[in-house]
Amino acid sequence: MSLASAGGGARGGAPRGAPRGGAPRGGAPRGGAPRGAPCGGALGGARRSSLHVRPHRCSSSSQPAASSQPPPPLSTEPTPMAARVLDGVIGATSTPVGMYVEPGDRPSFVYRLHPITKQVWALALVLVPAFFPQHGSLGEPWGVLPFPRIIAMGSVLLATAVSLPPRLYVPQLRRLLLLSMLAFFAVAFVSDAVSPNVYVPFAPPDGVPLASLGASPSTIASPDGDNAPFCYVMLEAGIVKVTRKSLKLAISAASIALTVLLASNLCLTTTTPEASASALRGVLAPVRRILPWRPARQFVDDVCLGLLLALRFIALVFEEANALALGLATKDVPWRSLGPMRAIGVGAGVLGKLVRNLLGHAEKIAVAMHDRGFRGASTFHAYTPGGAKDLRWGVGDAVALAVLAGAVYLATYARSHALV
Amino acid sequence: MAMAARTQQQQQQQQQQQQQRSVVPRVFCRTPRAPRRKRALRRQAASADMSDDVSAMQQPAISLTHLQVTRGQPGSTDAKHVLVDVNLEVGRGEIHALLGPNGCGKSTLLDAVRGKIKPTRGEVHVRVPTDKIAFVPQNPDHNVVMPTAGADVAFALSARGERDEDDGHVMKAVDYALERVRLEGFACAPTGTLSGGQRQRVAVAGTLVADAEVLLLDELTSYLDPEDAEAVLDAVRASCRGPRAAAAIWVTHRLDELLKCDRATYIDDGKVLLSGSGTYVRERILGWQEEVAKSR
């Protein structure tokens, strides 16, 4: 797949390896809307549906082309949650996340980096912020923001925006942001909502009331000493309670999740899977040499082969989920009359079928591997199609690693001098 | 004159080879030389193997004799005869087409040749080593293993531990195979982004690289357009006509492909109804179709 065709579905001048349904927002997955799909019926009249949002698609299948009647007005009823979830699955699987995308004529600098450099950078962006203390001063106006993690996240975002075209990374970013927002809300609502039970193994000093030990403070004197109290609890509604501490934890969790997802995605998008596996084998080569016993060496081989098979399986999972979701969408399931419990039952059934199909795929791939001569990971040496080009060290790698070393040094210096 | 020149060239080549051997330092000879008696025994065994090879080349690579496959318990009421008294021979360098309606037992026959199914009656002889039998299923998702097209084509070589260190022979083999199936420049393409037909061609290219001597190809062209189907069939023909002289069983529903097959067999309800050259079987089937159309 070329970057020229990465987000579109334009088959005219695009290379033949265009992604399966790598459609931008609003575009239908490969194959477009199912021919027999009724207008707004399959997804409950979804206004947002990528399958039904284009009236001309629906009218082309259900009405004669020569008809001059205006299209019927779109339903203003709210879309059932099940239809939205189905729509989300169809849209998510049409975006190539975690899959290698071939560069265009002028590959960006990330493509030219050695896979080890990219992996080291990705690891550093996750690990280095973890060395910074979590407990900032909650009393300060910007105290809830974990700056090191936000800087790391911003760096990955910047690298992604620079190295990939917008039509490719914007849909990816939207999906990954959704996942990180899930982490944000889960941590924000839960982490400080329930007061922990505090057991005091010794008697508290005189004058300290026992009731105040287990509860979170609602107001705290400002650390600046101006005696202006600030609100610790920012939101409280029933069992949901958002405090400054939980907000800071939530921002940390979301930024870490987004950093991990974005960095992994950038590595996988700009590196062939075989080059990634080869680089990983190179990194783990000392393990093979140092550890003499056979299981350790076998472990390295298994990890590298497992990575390759997992990366192959990503595409299969997307395709299978897409096929099942499209199949369900064309069945015109009356979600509104089903009710939430039966809709969940339908979803669980589809999920079970997805798992069964994937296990069937895995079994058949295992048989095919055996039939094609595979006798074990120890004798297997994956061929890297890019050849030495993908695994060549260059000036860019030296610069990238030097920048990383400088950033780590600055971070350590800032931490030791309490600048952050 | 030509014979004399040829023998002279052969002598020169032998002399060059002997010189090259003499240049190789002794340190590379890791195994000590065997005693004279053992060497004589080895020579004898090698000559016996060669004579066996010659006779094996003359015999058909695949031969099925009175093959019968039954699903369910034989003799019980639910037993179903999938294949009944099938006789088939596929020689080396031959493409044998297998036709028939859906469910007539074509895939079962391939499974029997692969050794996945034990026949209820009859014999199956495949005169090549087991690792030289290549099978490409109808669904390419079940055969494409690696995440990138080039790596999947090279899977058989990778499984043998062959590396592309000095001579780049793996890369050459992969590029050649991809070219044969009209997928030039697709070595780095992710298999997840290829269409079904492209993935099918990747699977075929992987079979061409594997040095297989028996090719079992199950409805390869069902995902392909006519041009690509012809290219794939040409690639398989080249593999059969090449030095390996592979034997191929080509399961298909397209009558036009019979023109490029050496022999063909039509199966219906587990029984062989028609067998002969590709052209003959095609004409007979077309004749049947005309008769049926007239009778309607």
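A note on names: the letters A, B, ... follow the listed sequences, proteins ahead of strands, and every chain is numbered from 1. Because the structure is a prediction, the values reported are computed rather than measured. Both backbone and side-chain heavy atoms feed into the values below; hydrogens, waters and symmetry mates do not.
- Smallest separation of non-hydrogen atoms from B/A159 and A/G373: CB-O, 3.4 Å.
- Between B/T191 and A/R312 the shortest side-chain heavy-atom distance falls below 4.5 Å.
- Formation of a donor-acceptor pair under 3.5 Å by the A/R372 side chain with backbone atoms of B/D152 is found in this model.
- Taking both residues in full, the closest heavy atoms of A/A368 and B/N143 are given as CB-OD1, 3.8 Å, listed atom of the first, atom of the second, then distance.
- A search for side chain to side chain contact (heavy atoms under 4.5 Å, CB included) contacts involving B/A210 returns B/A156, not counting sequence neighbours.
- In A/F109, the CZ atom is crowded: over 12 heavy atoms of neighbouring residues, nucleotides or ligands sit closer than 6.0 Å.
- Using a 4.5 Å cut-off between heavy atoms, B/K132 makes no contact with chain A at all.
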- How far apart are the C-alpha atoms of B/M146 and A/L309, what are their side-chain angles, what is the distance that settles it, and do they pass the side-chain contact (heavy atoms from CB on, under 4.5 Å) test? CA-CA 7 Å; B/M146 288 283 109; A/L309 294 178; 4.2 Å; yes
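- The closest donor-acceptor contact from the side chain of B/S158 to the backbone of A/H381 lies under 3.5 Å.
- Within a 6.0 Å radius of CD in B/E227, no more than 12 heavy atoms belonging to other residues, nucleotides or ligands are found.
- Ranking A/R375, A/M369, A/E363 against chain B, the residue ahead of the rest is A/M369, based on heavy-atom pairs under 4.5 Å.
- Atom NE2 of A/H370 sits in a sparse spot, with 12 or fewer heavy atoms from other residues, nucleotides or ligands closer than 6.0 Å.
- The nearest pair of heavy atoms linking A/E319 to B/G192 is OE2-O, 3.3 Å.
- The number of heavy atoms from other shown groups lying within 6.0 Å of CZ (A/F299) does not exceed 12.
- A/Y383 has its ring centre no less than 6.0 Å from the ring centre of B/F155.
- Atoms CG and NE2, from A/L316 and B/H142 in turn, are 8.5 Å apart once rounded to the nearest 0.5 Å.
- In this view, B/R114 and A/D371, B/D111 satisfy the salt bridge (Lys or Arg N to Asp or Glu O under 4.0 Å) rule, not counting sequence neighbours.
- Of the two parts of B/V174, only the side chain, counted from C-beta on, holds a non-hydrogen atom closer than 4.5 Å to a non-hydrogen atom of chain A.
- Of the listed residues (A/V367, A/I365, A/I314), the one with the most heavy-atom contacts under 4.5 Å to chain B is A/I365.
- Rounding to the nearest 0.5 Å places NZ of A/K364 at 7.5 Å from CG of B/N139.
- Put simply, of B/V144, B/I133, B/D131, the one with the most heavy-atom pairs under 4.5 Å next to chain A is B/V144.
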- Task: Please lay out, stage by stage, how A/M99 and B/T193 fare under the test side-chain contact (heavy atoms from CB on, under 4.5 Å).
- Result: CA-CA 9 Å; A/M99 289 165 62; B/T193 62; 3.7 Å; yes
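- To the nearest 0.5 Å, atom CG of residue B/D141 and atom NE2 of residue A/H361 are 5.5 Å apart.
- Between B/T148 and A/P273 the shortest heavy-atom distance is OG1-CD, 3.5 Å.
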